[in-house]
Amino acid sequence: MKTLVLVTQKGGSGKSSLAASLAVAAEEAGERVFMLDLDRQGTLANWINRRTAETPGFDRVNTEGELNTALATLADQKFTLTIIDTPGTDNPLVTAAIRAADLCLVPTRPTPADLEATQPTLEAIQSTRRRFAFVLNQTPVRSSRLNEAAAGLRMFGVLAEPTISQRNDHQDAIGAGQGVTEYNPHGKAADELRSLWGWLNGKLKG
Ligand SMILES: Nc1ncnc2c1ncn2[C@@H]1O[C@H](COP(=O)(O)OP(=O)(O)OP(=O)(O)O)[C@@H](O)[C@H]1O
Ligand SMILES: [Mg+2]
């Protein structure tokens, strides 16, 4: 079982939205997916409640002990992928999730201030020697220009491809209890999301 952790202290960068849509896209690609929500805000719990589909599996986790028990149980149950959504704060539970990750995905909006704000999260990831990648999220559709910082990330090989554009499908899908690939399967948001899953899958299996 592989474990993908969506993490950054910067609020509103897209952790929960991407966790939900990636879970659905990974299932569509044949994975058996379970989601763990470490955020008391409950974005994913509300999303799951709106879903009519029975998968992905979902549970909330409040302590490090619960997290470790859940991951061991899920591996026994032959889930192939666990996706963990974390709160936009730093706490020991988030550090435990980072430690359990095969890959940490750090969503960030493509502004210098947002990129700078990822620094404490990167330090936490690097202190546990976990693998990580940024994904630029909510990039403007009408501008293909990436700022210098993003180009630098790409050169270091830590920028997931493709970047995820700002599109209403992401907001509407969450409201409908779906992933973007379910909500509008032939839309551009769905295409980007499937490509992102393909890129992440390569990193997770590589
Ligand atoms: N690619 C996108 N296009 C349009 N809207 C987006 C996109 N990604 C996220 N959003 C919107 O941005 C807002 C924040 O997203 P989300 O809740 O996923 O962020 P988060 O990192 O989980 O936030 P928090 O730190 O509060 O948990 C939501 O309203 C969501 O619908
Ligand atoms: Mg969230």
Side-chain angles (χ1 to χ4, degrees), residues 1-29 31-49 51 55-108 118 120-135 137 158 160 164 170 173-174 177 179-180 193 196-197 199-205:
M1 184 182 79
K2 299 293 183 186
T3 302
L4 175 68
V5 177
L6 280 286
V7 62
T8 177
Q9 288 176 38
K10 181 74 181 167
S13 49
K15 296 178 287 294
S16 302
S17 305
L18 292 179
S21 281
L22 282 169
V24 170
E27 285 200 320
E28 288 170 350
E31 303 292 332
R32 291 193 64 214
V33 184
F34 203 95
M35 309 186 76
L36 296 176
D37 189 0
L38 274 48
D39 189 355
R40 288 167 195 270
Q41 205 173 198
T43 308
L44 279 188
N46 294 333
W47 176 75
I48 279 285
N49 284 337
R51 270 183 87 66
T55 60
F58 173 85
D59 210 351
R60 295 177 89 148
V61 163
N62 298 306
T63 65
E64 199 173 330
E66 282 178 18
L67 175 66
N68 293 332
T69 305
L71 288 173
T73 307
L74 293 171
D76 281 350
Q77 292 176 349
K78 307 275 186 277
F79 282 92
T80 60
L81 177 68
T82 296
I83 297 181
I84 302 182
D85 187 25
T86 63
T89 50
D90 183 24
N91 66 42
L93 184 54
V94 175
T95 310
I98 291 172
R99 227 182 286 122
D102 292 292
L103 183 67
C104 295
L105 184 63
V106 181
T108 175
T118 62
T121 304
L122 281 198
E123 283 166 16
I125 294 171
Q126 282 168 339
S127 71
T128 60
R129 299 176 181 273
R130 296 290 94 189
R131 293 200 304 159
F132 74 96
F134 289 97
V135 61
N137 186 32
V158 292
I164 303 294
H170 288 281
I174 294 299
V180 286
L193 211 289
L196 177 60
W197 166 246
W199 191 94
L200 293 169
N201 193 29
K203 289 282 167 196
L204 284 166
K205 305 234 158 106

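Remember, predicted model here, so these are calculated numbers, not experimental data. In this chain, residues are counted from 1 in sequence order.
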Expected output: side-chain [X] to main-chain [Y] donor-acceptor under 3.5 Å:
{"X": "Asn201", "Y": "Trp197", "result": "no"}
{"X": "Arg60", "Y": "Asp37", "result": "no"}
{"X": "Arg99", "Y": "Thr128", "result": "no"}

>> Set out, in order, the CA-CA distance, both residues' side-chain angles and the distance that settles side-chain contact (heavy atoms from CB on, under 4.5 Å) for Asp90 and Thr95, then state yes or no.
In response: CA-CA 8 Å; Asp90 183 24; Thr95 310; 4.1 Å; yes
Considering non-hydrogen atoms only, spot the tightest contact between [X] and [Y] and give its length.
{"X": "Arg130", "Y": "Cys104", "value": "CB-SG, 4.3 Å"}
{"X": "Glu64", "Y": "Ala96", "value": "CG-CB, 3.4 Å"}
{"X": "His170", "Y": "Ile164", "value": "NE2-CG2, 3.4 Å"}
{"X": "Ala19", "Y": "Ile83", "value": "CB-CG2, 3.9 Å"}
{"X": "Leu193", "Y": "Ala25", "value": "CD1-CB, 3.8 Å"}
{"X": "Pro107", "Y": "Gly14", "value": "CG-C, 4.2 Å"}

> Does any non-hydrogen side-chain atom of Glu31 lie less than 4.5 Å from one of Pro56?
Replying inline: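 A side-chain contact is absent here, since even the closest heavy-atom pair is not under 4.5 Å.
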> Side chains of Ile125 and Val106: does their closest heavy-atom pair fall under 4.5 Å?
Replying inline: yes
>> Pair Leu105, Leu22 - check side-chain contact (heavy atoms from CB on, under 4.5 Å), show working.
In response: CA-CA 11 Å; Leu105 184 63; Leu22 282 169; 3.9 Å; yes
>> Under the rule for side-chain contact (heavy atoms from CB on, under 4.5 Å), what residues qualify as partners of Ala20, not counting sequence neighbours?
In response: Leu44, Trp47, Ile174
>> I'd like to know whether Leu36 forms a side-chain contact (heavy atoms from CB on, under 4.5 Å) with Leu71, so could you lay out the CA-CA distance, the side-chain angles of the two residues, the decisive distance to 0.1 Å, and finally the verdict.
In response: CA-CA 9 Å; Leu36 296 176; Leu71 288 173; 4.0 Å; yes
> Does any pair with a residue in residues 3-29 pass side chain to side chain donor-acceptor pair (under 3.5 Å), and if so which ones, sequence neighbours excluded?
Replying inline: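 Every side chain to side chain donor-acceptor pair (under 3.5 Å) pair that includes a residue of residues 3-29, provided the two are not neighbours, is Ser16-Asp85, Glu27-Thr55, Glu28-Thr181.
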> Of Asp39, Thr43, Val7, Leu93, which meets side chain to side chain contact (heavy atoms under 4.5 Å, CB included) against Pro87?
Replying inline: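 For Pro87, the side chain to side chain contact (heavy atoms under 4.5 Å, CB included) check succeeds only for Asp39.
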> side-chain contact (heavy atoms from CB on, under 4.5 Å) between Leu204 and Leu81: does it pass, once the steps are laid out?
Replying inline: CA-CA 10 Å; Leu204 284 166; Leu81 177 68; 4.0 Å; yes
